[in-house]
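Heads up: the structure comes next, in structure tokens.
In this chain, numbering begins with 1 at the start of the sequence shown. Ligands are counted one by one from 1 in listed order, and the atoms in each one are counted from 1 as well. Quick caveat: nothing in here was measured; it's all calculated off a predicted structure.
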Amino acid sequence: MSSVSSKILIKGGTVVNAHHKEVADVYIEDGTIVAVQPNIKVSDDIKVIDATGKFVMPGGIDPHTHLAMEFMGSETIDDFFSGQAAALAGGTTMHIDFVIPVDGSLSAGYEAYVEKAKRSCMDYGFHMAITKWNETVSEEMEIMVKEKGINSFKFFLAYKGSFMVNDELLMEGLKKCKSLGALAMVHAENGDAVFEGQKRMIELGITGPEGHALSRPPVLEGEATARAIRLASFVNTPLYVVHVMSIDAMEEIARARKSGQRVVGEPVVSGLLLNDSVLWDPDFHFAARYVMSPPIRAVGHGTALQAALAAGVLQLVGTDHCTFNSTQKALGIGDFRKIPNGVNGMEERMHLVWDTMVASGQISVTDYVRITSTECARIFNIYPRKGAILVGSDADIIILNPNSSFKISSKSHHYRTDTNVYEGWTGKGKVETTIAGGRVVWENDELKVIPGAGKYIEMPPFSYLFDGIDKADAKYLSSLRAPVKRSTT
Ligand code: URP
Ligand code: ZN
Ligand code: ZN
Ligand code: ZN
């Protein structure tokens, strides 16, 4: 039976959704799940995949990637085709990438990304960065939401001199996001203080990759996270904190959530699993691979982030996949400020999260589905089309064998980049089959991807995070308008 069959029956596996798991068959036709129940019978000409003893789960959704992004004088080496092909081999079937405006223009940025994404072999959506503020940007945000299927905007509080925005811009952006039902996202590091930290390191003669981490310590991530959270509270709009890398930032999110504020925290795989010792490696080329922002932190931060994820303090896992090859990373020899920031993760995320969180016993299989897929689909308002194995959902499905194992190496990964920050890692659990849009794209360690087969997924505004926000506003306004009985004598 050919792998391009539009009808597939997955038999006998444990079907896992975020809310429930059960042994059942899954029947797919023309890219959609049409039945989920035990003992489905089909005719002989239909492709049957035996999933006995394995987990049948929604394909991963990576909420945070940078494919073919122009950044720090380079362009990320993995484009929409190579990054997505690798992701499919690792069990991710959709990602959301960040559109970068062109000279502040959102529409020019959007058009550029439509072009970049033409060879997509996997479904994708867009967030958009806001790097400038004026009336045109404000109007373009509305067009992006109402006509282009974008429901989230990212504000960089770091990268002074390029993407960074000040508090005034952030507040305008938060207000606009709220009015459109779009989710505000922040890269939370204090860019002015990072700039100061970088000068300090250079003056001390610390020019290698360790200077990157030393120049932007956790306190600067904690400060910016707290500031963004407080401004979002002042505006009364939900906030999504991308790449939470430190205990400092995580604790600000925990405090806000405890007080009832709608704040989402996204750790990324590198922050959960790696520690900063690699940045002190005497080989520049090795150490530079690990340079990303916010930096990979000291031992202890990663395990604390894992615990926060297990406890629901943090809600979903991304990668911040942003790859530069050895030649590009070498731009920063002699000056860590010039090392293009970013690490890989799109292909490894599902395996590493399984091994670290499920195989280790930290979370349940249903929670695994929630943090790698379902919660992302809910937050970006595409659930249950994505993020679920339900009748009517897109047929984006993985089959994971918990008794098999994986090994990571730049020699076998599917990226275009030439190194891998998880080189040599092994673990329990292997994605043996990936079905994307109803097609088997990964089977028997073989990729069968088609450029152009990936669809753009429009994401509508006003996700569940906005439910009830208007009621809180009305209560606040009526409290302001209550007459003050004041004596004048
Ligand atoms: O180092 C990183 N994180 N590179 C990608 C850009 C960003 O800040 O997300
Ligand atoms: Zn960022
Ligand atoms: Zn070297
Ligand atoms: Zn990023």
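Which parts of ligand 1 touch M292 is read off a 4.0 Å heavy-atom cut-off, strictly below it: atoms 1 (O). Close approach of ligand 1 to G342 is summarised as follows: ligand atoms under 4.0 Å from at least one heavy atom of the residue are 1 (O). Proximity to F156 (heavy-atom distance under 4.0 Å) selects the following atoms of ligand 1: 8 (O).
H243 and E266 share no side-chain donor-acceptor pair at under 3.5 Å.
Salt bridge annotation for K386-D123: present, with a cationic side-chain nitrogen under 4.0 angstrom from a carboxylate oxygen. Ionic pairing of R216 and E189 is present here: one or more N-O contacts between side-chain nitrogen and carboxylate oxygen are shorter than 4.0 angstrom. A salt bridge links D394 with R385; the closest basic N to acidic carboxylate O contact falls under 4.0 Å. With salt bridges taken as basic N to acidic carboxylate O contacts below 4.0 Å, none links E203 and R200. Salt-bridge formation is detected for the pair R230/E252: a Lys NZ or Arg NE/NH1/NH2 atom is positioned less than 4.0 Å from an Asp or Glu carboxylate oxygen. Classification of E423 and R289 as a salt-bridged pair fails, no side-chain N sitting under 4.0 Å from a carboxylate O. The residues R416 and D79 are annotated as salt-bridged, a charged nitrogen and a carboxylate oxygen being separated by less than 4.0 angstrom.
Cation-pi geometry between K160 and F195 is met: the NZ or CZ atom falls under 6.0 Å from the ring centre, inside 45° of the normal. Figure legend: K154 and F98 shown as a cation-pi pair, the cationic atom lying under 6.0 angstrom from the six-membered ring centre and within 45 degrees of its axis. Taking the centre and axis of the six-membered ring of F80, the NZ or CZ atom of R119 falls outside the cone set by 45° and 6.0 Å.
With a heavy-atom cut-off of 4.0 Å, K154 touches ligand 1 through its side chain alone. The part of Y159 lying near ligand 1 is the side chain, judged by heavy-atom distances below 4.0 Å. Of the heavy atoms in D320, only side-chain atoms (C-beta onward) come closer than 4.0 Å to ligand 1. At a heavy-atom cutoff of 4.0 Å, ligand 1 is contacted by the side chain of H187 but not by its backbone.
Excluding waters, the set of protein N, O or S atoms lying under 2.8 Å from the Zn ion (ligand 2) comprises K154 NZ, H187 ND1, H243 NE2.
The Zn ion (ligand 4) is the vertex of the angle joining NE2 of H66 and NE2 of H64, which measures 110° to the nearest 10°.
For atom 4 (N) of ligand 1, the closest non-hydrogen atom on the protein side is N341 O, 3.3 Å. Nearest protein heavy-atom contact of atom 1 (O) of ligand 1 is S293 N, 2.8 Å.
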